[in-house]
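Note sheet for the following structure.
In what follows, chains are A, B, ... by sequence order, proteins preceding strands, each numbered from 1. Just so you know, these numbers come straight off a predicted model, no measurement behind them.
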Number of protein chains: 2
Amino acid sequence: MAGTITRADILGGALSLLDSGGLPALAMRRIAAEFGVQQSALYWHFNSKQELLAGLADHILDHVAAVEGATWQERITDLSLSLRTELLAHKDGAELVATAFAFKLGSKALFRSFADELSRAGLVPEDAETAASVLLHFVLGYTTNEQQHWQAADLGAISGEDTLDDDLGRQFSTDRFVRGVALILAGAHSRLNPT
Amino acid sequence: MAGTITRADILGGALSLLDSGGLPALAMRRIAAEFGVQQSALYWHFNSKQELLAGLADHILDHVAAVEGATWQERITDLSLSLRTELLAHKDGAELVATAFAFKLGSKALFRSFADELSRAGLVPEDAETAASVLLHFVLGYTTNEQQHWQAADLGAISGEDTLDDDLGRQFSTDRFVRGVALILAGAHSRLNPT
DNA sequence: ACCTGAACACCGTTCAAGT
DNA sequence: ACCTGAACACCGTTCAAGT
């Protein structure tokens, strides 16, 4: 008793490793060590590291907040911001989720959240899905670049690089992110049926 | 003579390895073996594998075709299609470029191509850059997923999986890709100053 | 059902030393 | 300037065997 480990335990341990060390810390041996167990033990619970990472990505996406807002534009902007916040909350979180994105279930749920909101706004399903796809790719791509930039800057600060002149840094901000989302929403707006 | 190797040689060898075996084939030992050289020899020409991959990504992006078309919408759609085609031309090409994207020079040039075209169309620089960013993230993200899907399907076909019912497959097509680009262009159109 | 122990087949990077 | 040889410190995955 207490001597057996569950999938949820492993994902929890993996998440705390991710938070402290990022993707490079996510080695099977290190995860196993968190539980005082052999690396091979993990393969009883997961068929591969890829499956473990996909589970971890799902777990992160599960925490994306539900959304309020008067207009559909506000609700989608909120959902995008909430997703970005959740990705930025974990070291290498955006890259992890973007990489695991391909066939995952959590990202399917998110895709449906975006698409359903756009459907309710009045888009035909085909347009709603197109816009949802554009939104997801923008949020994941932008946030991945943004996070890599800040994390690299943090390392530079420690090793005393000359101030990375933030022409490049000004490329990333909540403002710029929101303007990207707004441009996509303007495109979606143009697809509305005149009632 | 003939016994010395250049950066360009190495990138050429790496590209042919990529084409035949994808990213997993891109090991320093394997690249070195193509030239009958020790893996450590590569480190005289490149400081790290990451730098080599960035060079390879630049090399791929250099081949993105110049663009013709009557309207700015046509020119940007063409440029997007040309980029997608070039990524799909190399196994794991989209993932490679998307991963190396962060601080690369080739992707800066591409960003400028998109942004300049949108500026000429009449967008203020800030909007042009926002739209260019959305476009690039969509093209890279969509194409990465698309390529992963087809490559996984190819493996399944060999090992005789039951037909992956292409509900999922219909998610990816030139048509769907173009609709995504068109939606972004509609958003950009809404930013045009009334003349 | 759940895990150990040990092995297999790899990785990227460094560095003294050679030519 | 350009490369060798050898080592260092890792990886993911498999599998017989234990309990």
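Distances from the side chain of A:Q38 to the nucleotides C:dT4, C:dC11, D:dT4 place C:dT4 closest.
Evaluation of the side-chain hydrogen bond (donor to acceptor under 3.5 Å, both in side chains) test over residues 69-83 of chain B, restricted to residues two or more places apart or in two chains, returns B:R75-B:E117. Applying the side-chain hydrogen bond (donor to acceptor under 3.5 Å, both in side chains) test to every pair with at least one member in residues 56-70 of chain A, sequence neighbours left out, gives these pairs: A:D58-A:K104.
For the pair A:F35 CZ and C:dC2 P, the computed distance is 15 Å after rounding to whole Å. The nearest whole Å value for the distance from the CZ atom in B:R7 to the P atom in D:dC3 is 14 Å. In this structure, B:L42 places its CG atom 15 Å from C1' of D:dG5, rounding to the nearest Å. Atom-to-atom, CG of B:D9 to C1' of D:dC3 comes out at 15 Å; the value is rounded to the nearest Å.
Neither side chain, A:Q171 nor A:N145, offers a donor N or O lying under 3.5 Å from an acceptor on the other. Under the 3.5 Å distance criterion, with hydrogens and angles disregarded, a donor-acceptor pair is assigned to the side chains of B:D92 and B:Q151. With no hydrogens or angles considered, no side-chain donor-acceptor pair links A:D116 and A:S119 at under 3.5 Å.
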>> Please encode protein proximity along nucleotides 12-19 of chain C as a string of B, S and -, counting only heavy-atom distances under 4.0 Å.
In response: BBBB----
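D:dC8 and C:dC10 are spaced 15 Å apart, taking the C1' atom of each and rounding to whole Å. Comparing the P positions of D:dA17 and C:dC2 gives a spacing of 22 Å, expressed to the nearest Å.
Other residues, nucleotides and ligands contribute at most 12 non-hydrogen atoms within 6.0 Å of the CD atom of A:Q50.
Between C:dC3 and A:H45, a contact under 4.0 Å exists linking OP1 or OP2 to a side-chain N or O.
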>> Could you write out DNA chain C as dot-bracket? Rules: Watson-Crick or G-U wobble, both distances under 3.5 Å, brackets [ ] for crossings, | for pairs with another strand, dot for unpaired.
In response: ||.|||||...|||||.||
Tell me which donor-acceptor pairs under 3.5 Å the side chains of residues 21-47 of chain B have, and how far apart each pair is, sequence neighbours excluded?
from: B:E34; atom 1: OE1; to: B:S16; atom 2: OG; distance (Å): 3.4
from: B:H45; atom 1: NE2; to: B:I5; atom 2: O; distance (Å): 3.3
from: B:N47; atom 1: ND2; to: B:E51; atom 2: OE1; distance (Å): 3.1

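A:F177 carries A:R84 over the face of its six-membered ring, with the cationic atom under 6.0 Å from the centre and within 45° of the normal.
Every residue two or more places apart in sequence or in another chain was checked for a salt bridge (charged side-chain N to carboxylate O under 4.0 Å, His left out) with A:R191, and none qualifies.
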